Amino acid sequence: MTENVFTAMAEQLRATLVELYPDLPVDILARVQVEPPRDAAHGDMATNAALVIAKPARLPPAKIAAALVEKLGALPMVENAEAAGPGFVNLRLRESYMAGQIETVLAAGLGYGDSAIGAGRRVNVEYVSANPTGPMHVGHCRGAVVGDALANLLAKAGFAVTKEYYVNDAGAQVAALGWAAYWRYLRVIEPNLEEWTAEQVERRFGVTLQYRGDYLVAVGEALAEHHGASMAPQRIEGAPRADQAAAGVASALALGWFVDRAWLDAARERAVAMMMIAIREDLALLGVNQEVFLSERALVEANATDAAIAALEGKGLLYEGVLEPPKGKTPDDWEPRPQLLFRSTQFGDDVDRPLKKSDGSNTYFANDIACHADKLTRGFDLLIDVWGADHGGYVSRMGAAVKALSDGRVPLEVVLCQIVHVMKAGEPVRMSKRAGTYVTLRDLIEEVGRDAVRFTMLTRKSDAQMEFDLDKVVEQTRENPVFYVQYAHARCRSVLRQAGEPEVAKLAAAPLEHLRDKAELDLIRRLISWPRVVESAALAREPHRIAFFLHDLAADFHVLWNRGRDDSTLRFIREDEPAATAARLALVAATASVIRSGLGVMGVTPVEEMR
């Protein structure tokens, strides 16, 4: 694991406080922080320790600050310590200490920034989990990137991470997919193009075709190849036979047609299988590879939902009751009748939630409880779900269920992702060559490339709406963060190639005291903050902080590059100064390594040169 210099200083600070004030409570010491100051002119680190301990120590903050200035100022890595404001202490580190951290960066390589803060806690990160009813679209893309980067970030911070996709292959939408696939099958086995149009299917069978995209043509062809015409509907004259009445779809029978429910099951199963193949291919294009794909239908068929309901009942958390009518819009799961209700209000929810529909089947919420119960049985210490912002109202009820099932032991955290508006030439892009009604993930990747998609999706906090400008993400300007960061890495690699690709071990042994210019020291300050950024971003569940850090790191490097163009004594390679050259090459190599480390968390491939 890499030493976080801020954590190391905090530990030194707490030891100093214990020495000065031995009776301080442990919980008070835990609140002491060491952070970068808001104004870099105040130093490299700042602490609130004097303010935090003033009351339990029964001393004025200023007096405590003065004592800390004396103690911390004597530390070998501290150049200067001074009190500020009502009780803050600012620290400036020795330049030699900061420069010496370059050796640590180079020795750790891509492992620089790895942390043990996760302590091996088992975390399940579920993301994407799109209904397998059509191609992945831009909305799915943001959740996929945020979830994948968050999982990578947590792993770097020392958590044991499982990446999971929950396949919503049960319920009304997938049943509608079965009908759409069956319609495409009919279009294949009937060569007359005027027969079995979408309108005819709806009129003859009493259904609504929700999914009409061309992506289902291949499903119809596969069904026809496997089943031939054996699943063709049969016209019924008069009353249906007993076997037809038992096996047929009621709405079709009422209109004089026999459609076997088994045929629709076959169509649905083939459609879901083919859609999931396509979804996994699209995710692979995006660089997303999840280890677990959990099927909702498999859970239902294994009676997992019934088991979860029974578990809640065993805890005395279910009852028969009638919910009050909701204010405003009527939710889908409210009916003015006695229902089986979960006492979710005991765990922070607004209202108790129904688990059974009027026909006796489970609600969507009940199946989702089974999904999370399954995760709990697998021994996870923390569950994180990445959802679209339209599911925000679902957070409290799902959190209540997890809290109830785990007796409060396992928390559920939900990261919400707002919608993405795709723009080109200043206009919204809404149409897709595949889906016909929306921009697919594959469209986006083919337009600008995987790395540009992943990086751009992380340039804003996930709960903020985003415009994805197809023109700007490929511009080679400093206003394009994708280019700006990649250009910094490419420049680093150009310098190292020009120097003959020096060995890292030799660079780590370079005389780093030659790194004294302000631009060099600013770059070092940024580099050694990387472990702290990893930890803070992981604990906040905010992978966009990595993109922000990389942009700032790239800016610091570009400043140094430009300084070398203006002042020849600061150029990276100078034949007349081999010692300074070695030190600067070490700094360049360290910068490239940290950029690669950050891009690795984001799932972005660093470029060797810009074209």
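All values reported here derive from a predicted model rather than from experimental measurement.
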- prompt: Does any N or O in the side chain of R574 come within less than 3.5 Å of the main-chain N or O of A579, such that one atom is a donor and the other an acceptor?
  reply: no
- prompt: Is there a donor-acceptor contact under 3.5 Å from the side chain of R121 to the main chain of A160?
  reply: no
- request: Could you tell me which non-hydrogen atom of K163 sits nearest to which non-hydrogen atom of E291, and how far apart they are?
  value: N-OE1, 2.6 Å
task: Output all residues satisfying salt bridge (charged side-chain N to carboxylate O under 4.0 Å, His left out) with K403, sequence neighbours left out; order by chain, then residue number.
output: none
- prompt: With no hydrogens and no angle check, is any side-chain donor or acceptor of N152 less than 3.5 Å from a backbone partner on V601?
  reply: yes
- request: Supply the atom-to-atom distance L412 CG to L405 CG, rounded to the nearest 0.5 angstrom.
  value: 11.0 Å
task: Spell out, as yes or no, whether a donor-acceptor pair under 3.5 Å connects the side chain of D451 to the backbone of T605.
output: yes
field: Side-chain heavy atoms of L416 within contact of D390, under 4.5 Å
entry: no
- prompt: Looking at CD1 of I369 and CD1 of I309, how far apart are the two atoms once the value is rounded to the nearest 0.5 Å?
  reply: 7.0 Å
- prompt: So, N80 side chain and R92 main chain: donor-acceptor pair closer than 3.5 Å or not?
  reply: no
Shortest non-hydrogen contact from G87 toward A65: O-CB, 4.2 Å
- prompt: With distance as the sole test, does R343 use its side chain to make a donor-acceptor pair with the main-chain N or O of Y319 at under 3.5 Å?
  reply: no
message: Just to verify, what does K506 make a salt bridge (charged side-chain N to carboxylate O under 4.0 Å, His left out) with, not counting sequence neighbours?
response: none
field: Closest contact, heavy atoms only, V69 versus A83
entry: CG2-N, 3.5 Å
- line: Tested for side chain to side chain contact (heavy atoms under 4.5 Å, CB included) against V533, the lone hit among I546, L550, N4 is I546
Min side-chain heavy-atom separation C371-L299 under 4.5 Å: yes
message: Side chains of V351 and R397, heavy atoms from C-beta outward: is any pair under 4.5 Å?
response: no
query: Does the pair E520 and L560 meet the rule for a side chain to side chain contact (heavy atoms under 4.5 Å, CB included), with working shown?
result: CA-CA 7 Å; E520 294 170 335; L560 181 57; 3.7 Å; yes
task: Let me see the working for R516 and E95 under salt bridge (charged side-chain N to carboxylate O under 4.0 Å, His left out), right down to the final yes or no.
output: CA-CA 7 Å; R516 295 189 297 267; E95 293 178 359; over 6 Å; no
message: Do L154 and L382 make a side-chain contact, defined as non-hydrogen atoms from C-beta onward lying under 4.5 Å apart?
response: no
- request: Could you pull out the closest heavy-atom pair between R142 and M466, with the gap in Å?
  value: NH1-CB, 3.8 Å
- request: Can you tell me which residue pairs pass the salt bridge (charged side-chain N to carboxylate O under 4.0 Å, His left out) test with a partner in residues 73-85, sequence neighbours excluded?
  value: E79-R94
message: Strictly by side chain to side chain donor-acceptor pair (under 3.5 Å), give each pair with a member in residues 32-53 just once, sequence neighbours left out.
response: D44-R525
- line: With sequence neighbours left out, the residues meeting ring-ring contact (aromatic ring centres under 6.0 Å, His included) with F342 are none
message: Using the rule given for salt bridge (charged side-chain N to carboxylate O under 4.0 Å, His left out), can you reason through D381 versus R122, listing the C-alpha separation, both sets of side-chain angles and the distance that settles it, and then say yes or no?
response: CA-CA 5 Å; D381 303 305; R122 297 189 61 204; 6.0 Å; no
- prompt: T456 versus F468: any side-chain heavy-atom pair under 4.5 Å?
  reply: yes
field: CG on L72 to CE on M77, rounded to 0.5 Å
entry: 10.0 Å
field: Between T345 and D352: side-chain donor-acceptor atoms closer than 3.5 Å
entry: yes
- line: What one should report as the nearest heavy-atom pair of G287 and R454 is O-NH1, 3.3 Å
- request: With the side chain counted from C-beta on, respond yes when L59 and Y21 share a heavy-atom pair under 4.5 Å apart, and no when they do not.
  value: yes
query: If you measure from CZ on F347 to OG on S396, what distance do you get to the nearest 0.5 Å?
result: 13.0 Å
- prompt: Does L585 reach the side chain of I573, with side-chain heavy atoms less than 4.5 Å apart?
  reply: yes
query: Should we count CD of E70 as having more than 12 external heavy atoms under 6.0 Å?
result: no
message: Taking the six-membered ring of F572 as reference, does the cationic atom of R584 (NZ for Lys, CZ for Arg) lie under 6.0 Å from its centre and within 45° of its axis?
response: no
- request: Using a cut-off of 6.0 Å, state whether more than 12 heavy atoms not belonging to R497 lie near its atom CZ.
  value: yes
Distance (rounded to the nearest 0.5 Å) between W530 CH2 and L553 CG: 9.0 Å
Candidate pair Q12 and V34, rule side chain to side chain contact (heavy atoms under 4.5 Å, CB included), full reasoning: CA-CA 10 Å; Q12 178 66 59; V34 175; over 6 Å; no
task: Verify, without hydrogens or angle tests, whether Q290 (side chain) and Y127 (backbone) share a donor-acceptor contact under 3.5 angstrom.
output: yes
task: Run the numbers on S115 and K156 for side chain to side chain contact (heavy atoms under 4.5 Å, CB included), then give the verdict.
output: CA-CA 6 Å; S115 171; K156 191 169 182 67; over 6 Å; no
message: Can you tell whether the side chains of D349 and R353 come within less than 4.0 Å, N to carboxylate O?
response: yes
- request: State, with a plain yes or no, whether a side-chain heavy atom of L294 is found less than 4.5 Å away from one of E164.
  value: yes
message: Going by ring-ring contact (aromatic ring centres under 6.0 Å, His included), H551 matches just one of F455, Y487, Y484, F483. Which one?
response: Y484
Taking every non-hydrogen atom, the tightest pair across L283 and A144: CD2-CB, 4.1 Å
field: Result of checking L512, V495, L527 against L587 for side chain to side chain contact (heavy atoms under 4.5 Å, CB included)
entry: L527
- prompt: Are any side-chain N or O atoms of D407 and backbone N or O atoms of R409, one a donor and one an acceptor, separated by less than 3.5 Å?
  reply: no
- request: Starting from the C-alpha separation in whole Å, work towards a yes-or-no answer on side chain to side chain contact (heavy atoms under 4.5 Å, CB included) for T569 and E577.
  value: CA-CA 9 Å; T569 63; E577 291 191 11; 5.7 Å; no
query: Between the side chain of H489 and the main-chain N/O of V607, is any donor-acceptor distance below 3.5 Å?
result: yes
Chi angles and distances behind the side chain to side chain donor-acceptor pair (under 3.5 Å) call for Y166, D385: CA-CA 10 Å; Y166 179 46; D385 290 352; over 6 Å; no
message: Looking at E503, I'd like to know if its CD atom is crowded, meaning that more than 12 non-hydrogen atoms belonging to other residues, nucleotides or ligands lie closer than 6.0 Å.
response: no
- prompt: Taking the side chain from S494 and the backbone from A490, do they hold a donor-acceptor pair closer than 3.5 Å?
  reply: no
message: How long is the straight-line distance from CZ of F557 back to CG of D522, given to the nearest 0.5 Å?
response: 14.5 Å
- request: List for me each residue that meets salt bridge (charged side-chain N to carboxylate O under 4.0 Å, His left out) alongside E19, sequence neighbours excluded, and say none if there are none.
  value: K71
